[in-house]
Amino acid sequence: MIKFFTYIFLIFIFLSGSSSIEKNKNLEIKIDWQKNLSGDFSFAKNWEYPEGVYQNDFGQLSCDGLCPTETERMKDENGKIYKDSLAKFYQLVDTTHLFHSIKSKTNSYEWAGTNFISVKRISRDTIYCFTNKNIATHSSLILKITKDKCIPEIELNSISGPIGKQIYACKKGIITIDRDLWHNGILKAKFDFIFEHPENPDKPLFWKGKIYSQINQNEK
């Protein structure tokens with residue numbers, strides 16, 4: 001009988017430990033709300049054109065790579081857009097000024113930098129954020145903000161080897177958000193997160209920086 005209860009006790013301890021590990025995979029960080037969050041957020045005044053859009057040698061906004069195929073017929077052999085094709089060209093190619101919404105650093109895999117984060121309201125109490133990937137950046141910082149809690153993680157969609165999609169859970173960190181701007185539909189925040197790194201446990205992954213972005217309504 002004693003052996004039986006000992007066995008049950010050990011199973012309980014094991015399951016409790018497993019439950020604790022599972023919780024770490026969805027670490028919730030308490031948000032530090034501040035009034036008039038200080039710091040240099042001047043990066044939000046910088047802008048760039050969508051990826052692939054550039055100014056050619058003739059002073060025209062042109063497009064390479066990620067462009068509708070029909071735009072190639074609107075250029076001569078030197079890349080100049082024909083005068084009578086300009087209006088149609090700019091109907092097909094997005095030349096919007098995209099203002100930077102994040103400035104950050106990370107040692108995550110396959111990351112060459114990004115200046116943009118998408119911030120969407122998916123319910124009354126929940127905001128979902130993810131940094132934009134590009135040709136050279138395949139890691140994305142993801143933040144799920146619900147009421148006074150934030151759940152950060154790194155998502156890697158690797159293009160090298162058989163790894164594929166990989167999620168790195170947050171171990172610890174801080175995030176500070178400007179309360180007044182939040183209520184006015186803008187996310188202004190500072191953050192500093194440490195993530196698990198199973199490939200090299202002695203060298204945790206980090207992601208830190210600042211965000212200044214409008215909170216967009218989720219399209220249904």
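By convention here, the first residue in the shown sequence is residue 1.
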Closest heavy-atom pair and its distance - [X], [Y]:
X: P204; Y: K171; value: CG-NZ, 4.4 Å
X: N78; Y: F58; value: O-CE1, 3.6 Å
X: S104; Y: W207; value: OG-NE1, 3.1 Å
X: P152; Y: C170; value: O-CB, 3.4 Å
X: N107; Y: K203; value: ND2-CE, 4.3 Å
X: S140; Y: K133; value: CB-CE, 3.4 Å

For the side chain of [X] and the backbone of [Y], is there at least one donor-acceptor N/O pair under 3.5 Å apart?
X: R121; Y: R124; value: yes
X: K172; Y: F195; value: no
X: S62; Y: Q55; value: no
X: T137; Y: N134; value: no
X: H197; Y: I194; value: no
X: N56; Y: G59; value: yes

Are more than 12 heavy atoms from other residues, nucleotides or ligands located less than 6.0 Å from atom [atom1] of [X]?
X: K210; atom1: NZ; answer: yes
X: K105; atom1: NZ; answer: no
X: K208; atom1: NZ; answer: no
X: N200; atom1: CG; answer: yes

So, [X] versus [Y]: side-chain donor-acceptor pair below 3.5 Å or not?
X: E48; Y: N46; answer: no
X: D125; Y: S123; answer: no
X: N36; Y: Q34; answer: no
X: T126; Y: T146; answer: yes

Are the side chains of [X] and [Y] in touch, meaning some heavy atoms are under 4.5 Å apart?
X: Q60; Y: F89; result: no
X: N115; Y: F43; result: no
X: I154; Y: Y109; result: no
X: T176; Y: W33; result: no
X: T131; Y: I102; result: yes
X: S118; Y: N132; result: yes
X: S139; Y: E155; result: no
X: E110; Y: S158; result: yes

With the 4.5 Å side-chain cut-off for hydrophobic clustering, are [X] and [Y] part of the same group?
X: I167; Y: I159; result: no
X: I81; Y: L61; result: yes
X: L141; Y: I215; result: yes
X: I142; Y: I145; result: no

Are F41 and H100, when compared by the centres of their aromatic rings, separated by less than 6.0 Å?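 That pair fails the under 6.0 Å test.
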
Using the side chain to side chain contact (heavy atoms under 4.5 Å, CB included) rule, take I175 and K190 through it: C-alpha gap first, then chi angles, then the decisive distance, then the call. CA-CA 6 Å; I175 181 167; K190 296 179 183 178; over 6 Å; no

Start with the C-alpha distance between L187 and Y212, add both sets of side-chain angles, then the distance that settles side chain to side chain contact (heavy atoms under 4.5 Å, CB included), and finish with yes or no. CA-CA 6 Å; L187 174 59; Y212 193 97; over 6 Å; no

Would you give the length of the straight line joining atom [atom1] of [X] to atom [atom2] of [Y], rounded to the nearest 0.5 angstrom?
X: S108; Y: Y168; atom1: OG; atom2: OH; value: 7.0 Å
X: T69; Y: E72; atom1: OG1; atom2: CD; value: 8.5 Å
X: L86; Y: M74; atom1: CG; atom2: CE; value: 10.0 Å
X: K149; Y: L27; atom1: NZ; atom2: CG; value: 9.5 Å
X: I117; Y: F130; atom1: CD1; atom2: CZ; value: 8.5 Å
X: T106; Y: F193; atom1: OG1; atom2: CZ; value: 11.5 Å

Quick one: do W182 and I127 satisfy side chain to side chain contact (heavy atoms under 4.5 Å, CB included)? Show the steps, please. CA-CA 11 Å; W182 174 269; I127 304 295; 3.2 Å; yes

I'd like to know whether Y49 forms a ring pair (Phe, Tyr, Trp, His ring centres under 6.0 Å) with H97, so could you lay out the CA-CA distance, the side-chain angles of the two residues, the decisive distance to 0.1 Å, and finally the verdict. CA-CA 5 Å; Y49 293 112; H97 291 189; 5.4 Å; yes

Test side chain to side chain contact (heavy atoms under 4.5 Å, CB included) applied to F191 and I174, step by step: CA-CA 6 Å; F191 62 89; I174 56 173; over 6 Å; no

Cationic N near anionic O, under 4.0 Å, D178 to K35: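 Salt bridge: no.
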
